[in-house]
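Heads up: the structure comes next, in structure tokens.
So you know, we letter chains A, B, ... as the sequences are listed, proteins then strands, and number each from 1. Atom set for the values below is all heavy atoms of this structure, side chains included, hydrogens, waters and symmetry mates excluded.
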Amino acid sequence: MQPLRLTCVTNGPDETMDLGRRLGRLLAAGDVVALVGDLGAGKTCLTRGIAQGLEVPASSCVRSPSFTILNIHTGKHDLYHLDLYRIRTSAELEDLGYREFFYGEGVTVIEWADKIKDLLPADHFRVSLEIRDESTRTITVEGKGSVAGRQRIALRSVLARFGGC
Amino acid sequence: MLILGIESSCDDCAAALVKDGEAILSHAIHSQFDIHKPYGGVVPELASRNHLEKIIPVIEAAMNDARADWTDVDGIAATYGPGLVGSLLVGLSAAKALAFALDVPFLGVNHLEAHLTAIFLEDPTVSFPFLGLLVSGGHTSLYRVEAFGAYTLLGQTRDDAAGEAFDKVAKLLGLGYPGGIAVERLSVRGDPRAFPFPRAMASSKTLDFSFSGLKTAVRYFVQQHEPAFIEARLADVVASFQEAAVDTLVIKVSQAVRSTGVQRIVVSGGVASNKRLRARLEDLARTDGLDVRFPSPQLCTDNAAMVAAVGCRRFRLGESSPFSLNAEPNLLL
């Protein structure tokens, strides 16, 4: 399988959310999306878009789960929104019953996913957000494992909207 | 009516005995602050493992401090959400086991309701309706409280909680943990008007809050200036951040007063201890003729007395929870 790695640039939180919404539409039950990026890069913002793409009702407001670690939203597919900001190592996630979510029925989006690299399932999307300047972000979408073969054309056309290649 | 309250939703493991819903007979708390300090935040796995070790000693301490006997206890109340599921389960399971063994009623308490009504433990003269501003590390919400049990959510944060912004900005600036206290201490020496950080949602008609942009603005500010400048002006940067965060809260409280006509405000949650927030809301109360009240700091932070107090009120109404009640990490109010 050829690796899948696409990069684009978003200009402002609205565009980051729009990208998330378009990515969210392409996700299926059981998918895991690992988000990587600094404080303020737009991880929660992108997740809010993904929630829209999963048809999570707007009334179920997607906010930072840094304190609660996990927020669950009900939509076309359930969204498990994990935030590992306060977690140090993967061992510390064991207690939270993470397997249920990684291998469950919904879509799992994990902020600060690099903290638990060894726990991530082999098949997942990795989205990294890099701060270029105050408004623009370089966003890279990678397909790891078997998901690299899925939605290649659709993903390419989504990222092309944001100047992606 | 003597009620044992148990609270273990996040960092703190606490038990309290409250008589007749108003007299705190004992208040035992085991803060996990020292355990979490090296990691710059709450580490959930440590939290639940530590709760497991501390829960029984903390309950025993509460019983001993009150010189109470188990036969004196009329009911047991414990927080069942929202919070970290591992931590919640420890307190909830202990409460169920004790209630079953003692054959007394058991009640699961919503942590948010407990915060909003904690003031009554110290100040039974507060009358309804009032606006309840709940500000902590995990929550920033504004409620209209019509009566015990009657809460209408008017607005809440759309992204980060206010306390979370304090913690993240403190981490960004290397101020240590807990961030709220570090920011407050350093701000005293700084000029709150030195740098203009954004007041999000200030012109929005909704009563929602937003703190994510403020956090990011501080981040850009640090990136755009020389480290030597940031170091030299650190107190000013921190004071300006705190002022922006406090302003964001004060602006929405003020808007809520105008839109609801309710002139009584009760502030609760960990951030309610922030002296700058207290001072600014007291100023607002003076200029606009409002009645603003804060619980003492020990009742602002997570504590078990507020849980016992809710238990007492609901037990009196004949309410109780089944032993099948589960922890609800995302429980709403």
## Note on the structure
Nearest heavy-atom approach of B/D167 to A/Y85 is O-OH, 4.4 Å
### Option that, when pairs with chain B are counted at under 4.5 Å, heavy atom only, ranks first among A/P13, A/C45, A/S66, A/C61
A/S66
### Task
Measure distances from B/T157 to the heavy atoms of chain A and classify the residue's part below 4.5 Å as side chain, backbone, both or neither.
both
### Task
Please name the pair of heavy atoms, one in A/L70 and one in B/N330, separated by the smallest distance, quoted to 0.1 Å.
O-OD1, 3.2 Å
#### Entry: Separation between CG of B/D159 and OG1 of A/T47, rounded to the nearest 0.5 Å
12.0 Å
### Query
Can you tell me how far the CD atom of A/E134 sits from the CD atom of B/Q224, to the nearest 0.5 Å?
5.0 Å
### Query
What is the minimum heavy-atom distance between A/L39 and B/R219, and which atoms define it?
O-CD, 3.1 Å
### Query
Any idea which heavy atoms bring A/R63 and B/Q156 closest together, and the distance?
NH2-CD, 2.9 Å
#### Entry: Contact class of B/D160 relative to chain A, heavy atoms under 4.5 angstrom
both
### Message
Restricting to non-hydrogen atoms, name the atom on A/G40 and the atom on B/T216 that form the minimum distance, rounded to 0.1 Å.
### Response
CA-OG1, 3.5 Å
### Message
A quick test of your reading: do over 12 heavy atoms of other residues, nucleotides or ligands sit less than 6.0 Å from CG of B/L153?
### Response
yes
### Task
Considering only heavy atoms and a distance below 4.5 Å, find which of B/K215, B/K168, B/Q223 pairs most often with chain A.
B/K168
